[in-house]
Amino acid sequence: QKDGYPHFMIKEIHEQPAAITRTITPRIKDMLPDFSEDAIADSFFENVSDITIVACGTAMYAGMVGKTMIQNRLHIPVTVAIASEFRYEEPVINEKSMVIVVSQSGETIDTLEALRLANKYTKKTLSIVNVKGSSIARESSYVLYTHAGPEIAVASTKAYTVQVASFYLLACKLAMTQQKISVEEARTFVGTLQEIPNYIEEVLAQAPDIEQLTKRMINANNAFFIGRGLDYTLCMEGALKLKEISYIHAEAYAAGELKHGTIALVSEGVPVIAAATQKHVYSKVISNIREVKARGAYVILLSKDKEITDPSICDVHINLPDVSDEFTIFESVVIFQLIAYYTSVGKGLNPDQPRNLAKSVTVE
Ligand code: M6R
């Protein structure tokens with residue numbers, strides 16, 4: 001049931017505001033994160049020496065955002081591991097380590113095996129899972145169910161944003177429990193998170209403009225996503241979305257890395273999708289963007305600036321609603337999803353069923 005939408009993917013992109021609200025609302029009490037409905041005891045958040053986040057694909061990219069959010073507050077080591085690598089490594093975890101596994105389906109075999117391995121070392125395992133009663137949910141010590149509802153399109157969209165929203169609440173809870181932030185700070189943070197669905201609605205209203213600009217993308221063979229900090233973690237998800245449903249080779253780069261090799265690939269007309277939403281590195285990203293623009297790239301820039309008309313910076317500027325830096329990724333990712341979707345449709349492909357891919361990867 002596509003509810004009038006031409007594809008499940010675009011329907012699911014539009015469902016994100018409601019999915020986030022459904023996921024966070026039961027976990028907020030008195031404007032503070034509260035996981036009592038998930039039966040997660042407060043002791044789970046205490047005495048944590050380090051955190052490992054394990055997942056595959058989009059779920060792993062959600063984990064990368066989670067890493068930044070947690071590490072910036074707790075100042076303890078947080079590592080993100082690719083499940084198919086982690087499960088064959090010697091894990092550096094002990095009984096004080098927390099392991100968070102992330103999976104929409106709850107059945108991805110590598111993630112499940114990684115969890116089984118982690119369970120041998122620590123009781124502090126938590127899964128962030130969308131499908132009730134799935135194997136990963138059953139085998140982890142604690143489960144935080146996201147409430148995205150069924151995700152039919154192979155390309156993950158709403159599952160990603162609810163995973164990220166869950167990490168925001170977890171980061172806040174961990175920081176409060178370990179007295180790294182005040183109650184007031186936590187309330188402000190939670191208040192902003194509650195506003196995110198409204199900001200996403202504003203971004204979704206730009207869909208017709210995004211559809212227009214993808215006309216320049218459909219003939220591309222390569223595309224690059226660049227940003228720094230949280231924007232960079234988001235670029236990885238943007239590149240994955242574009243490649244899996246439009247078959248355009250897309251890579252994400254930390255903008256500062258370009259001049260260490262990749263800029264050699266930038267030639268006339270190559271699309272570069274850049275995000276510059278993080279104040280502390282804004283001027284650095286803009287100067288990186290000028291470098292690719294000077295080499296002929298077709299630059300689509302996402303920022304919170306009202307307007308950028310300087311042709312030495314970008315060809316198209318997408319204005320994002322003004323929210324604090326840590327929260328812009330919810331807006332940018334929706335733009336990235338729309339770029340991937342309309343590029344795929346513009347190429348005459350079926351974004352719901354990309355070639356060679358299955359929704360749930362239950363074989364190695
Ligand atoms: O069900 P899971 O979240 O464990 O799936 C992990 C990946 O296969 C998945 O996120 C995949 O990368 C996305 N469908 C890509 O859009």
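Note that this is a predicted model, so its numbers are computed, not measured. Both counts, for ligands and for their atoms, begin at 1 and track the order of listing.
Using a 30° and 60° split on the angle between ring planes, Tyr253 and Phe224 fall in the tilted class, from 30° to 60°.
Val102 and Ile136 are not part of a single hydrophobic cluster, where members link through side-chain heavy atoms under 4.5 Å apart.
The residues Asp315 and Arg216 are annotated as not salt-bridged, no charged nitrogen and carboxylate oxygen being separated by less than 4.0 angstrom. A salt bridge is absent between Arg22 and Glu15: the closest approach of a Lys/Arg side-chain nitrogen to an acidic carboxylate oxygen does not fall below 4.0 angstrom. Residues Asp34 and Lys173 are not paired through a salt bridge, judged by the lack of any N-O separation under 4.0 Å between the basic side chain and the carboxylate.
For the pair Ser105 and ligand 1, the shortest N or O to N or O distance falls below 3.5 Å. Looking at ligand 1, you'll find an N or O of Val154 within less than 3.5 Å of one of its N or O atoms. Of the polar atoms of Thr111, none of the N or O atoms is found under 3.5 Å from an N or O of ligand 1, judged by distance alone.
Atoms of ligand 1 lying under 4.0 Å from at least one heavy atom of Ala59, given by number and element, are 3 (O), 10 (O). Per-residue contacts place Ala155 under 4.0 angstrom from the following atoms of ligand 1 (heavy atoms of the residue considered): 16 (O). Of all the atoms in ligand 1, the ones that sit under 4.0 Å from a non-hydrogen atom of Glu244 are 15 (C), 16 (O). Within ligand 1, counting atoms from 1 as listed, the ones closer than 4.0 Å to a heavy atom of Gly57 are 12 (O).
Figure legend: cation-pi geometry between Lys2 and Phe8, with NZ or CZ positioned under 6.0 Å from the six-membered ring centre and within 45° of its axis.
For Ala186, the side chain to side chain contact (heavy atoms under 4.5 Å, CB included) partners are Leu32, Cys172, Met176, Ile181, not counting sequence neighbours.
Of the heavy atoms in Lys241, only side-chain atoms (C-beta onward) come closer than 4.0 Å to ligand 1.
Annotation: side chain of Leu174 is in contact with side chain of Met98 (closest heavy-atom distance under 4.5 Å).
Ranking the protein heavy atoms by distance from atom 7 (C) of ligand 1 puts Cys56 O, 3.6 Å first. Nearest protein neighbour of atom 3 (O) of ligand 1, counting heavy atoms only, is Gln104 N, 2.6 Å. From the protein, the heavy atom lying nearest to atom 8 (O) of ligand 1 is Val361 CG2, 4.2 Å. Here the heavy atom of the protein found nearest to atom 5 (O) of ligand 1 is Thr108 OG1, 3.5 Å. Of the protein's heavy atoms, Thr58 N, 3.1 Å lies nearest to atom 12 (O) of ligand 1.
Within 6.0 Å of atom CD in Gln71, more than 12 heavy atoms from other residues, nucleotides or ligands are found, so the atom counts as buried in its surroundings.
Between Met60 and ligand 1 there is no heavy-atom distance shorter than 4.0 Å.
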